[in-house]
Amino acid sequence: MAIVIDDDACMGCEACVETCPDAFEMNGDGDKAIVKESDTEADCVDEAIDACPAEAITKS
Ligand code: SF4
């Protein structure tokens with residue numbers, strides 16, 4: 001599974017990091033989320049996708 005965050009759409013709310021810290025973390029500036037482990041099979045990835053208010057997370 002590949003997870004992608006649309007940088008332009010991400011508003012840095014940290015919901016994905018709180019929901020699924022195995023897969024997501026904040027960048028060095030703390031204003032955007034980045035994918036920490038793109039091939040994770042963590043169940044919480046789907047929860048993070050649902051939790052993202054910007055619909056910035058996709059997986060394939
Ligand atoms: S939940 Fe969405 S908008 Fe919020 S930090 Fe994560 S990717 Fe960005």
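FYI, side chains are in, hydrogens and waters are out, and symmetry mates aren't considered; it's all heavy atoms of this structure. Please read these numbers as outputs of a predicted model, since none were measured by experiment. Just so you know, ligand 1 is whichever comes first in the structure, and atom 1 is the first atom listed for that ligand.
Residue Val17 does not touch ligand 1, judged by heavy-atom distances below 4.0 Å. Counting heavy atoms closer than 4.0 Å to ligand 1, residue Glu14 contributes backbone atoms (N, CA, C, O) but none from C-beta onward.
With ligand atoms numbered from 1 in the order given, ligand 1 contributes 5 (S), 6 (Fe) to contacts under 4.0 Å with heavy atoms of Ala33. Close approach of ligand 1 to Cys52 (heavy-atom distance below 4.0 Å) involves ligand atoms 1 (S), 2 (Fe), 3 (S), 7 (S).
A donor-acceptor pair is defined here as one N or O able to donate and one able to accept, closer than 3.5 Å; such a pair exists between the side chain of Lys36 and the backbone of Pro21. Side-chain N or O atoms of Asp29 include none that pairs as donor or acceptor with a backbone N or O of Asp31 at under 3.5 Å.
Scanning all protein heavy atoms for the shortest distance to atom 4 (Fe) of ligand 1 gives Cys13 SG, 2.3 Å. Protein heavy atom closest to atom 8 (Fe) of ligand 1, with residue, atom name and distance, is Cys10 SG, 2.3 Å. Ranking the protein heavy atoms by distance from atom 3 (S) of ligand 1 puts Met11 N, 3.4 Å first.
For the cysteine pair Cys52 and Cys13, the distance separating the two SG atoms is not below 2.5 Å.
Atoms CD1 and SG, on Ile3 and Cys16 in that order, are 10.0 Å from each other to the nearest 0.5 Å.
Under a hydrophobic-cluster definition in which Ile, Leu, Val, Met, Phe, Trp and Tyr are linked whenever side-chain heavy atoms come within less than 4.5 Å, directly or via other members, Ile49 and Met26 are assigned to the same cluster.
At a threshold of 2.8 Å, atom 4 (Fe) of ligand 1 has no backbone or side-chain N, O or S atom of Cys16 nearer than that distance.
Counting heavy atoms from C-beta outward, Glu25 and Ile34 have side chains that approach closer than 4.5 Å.
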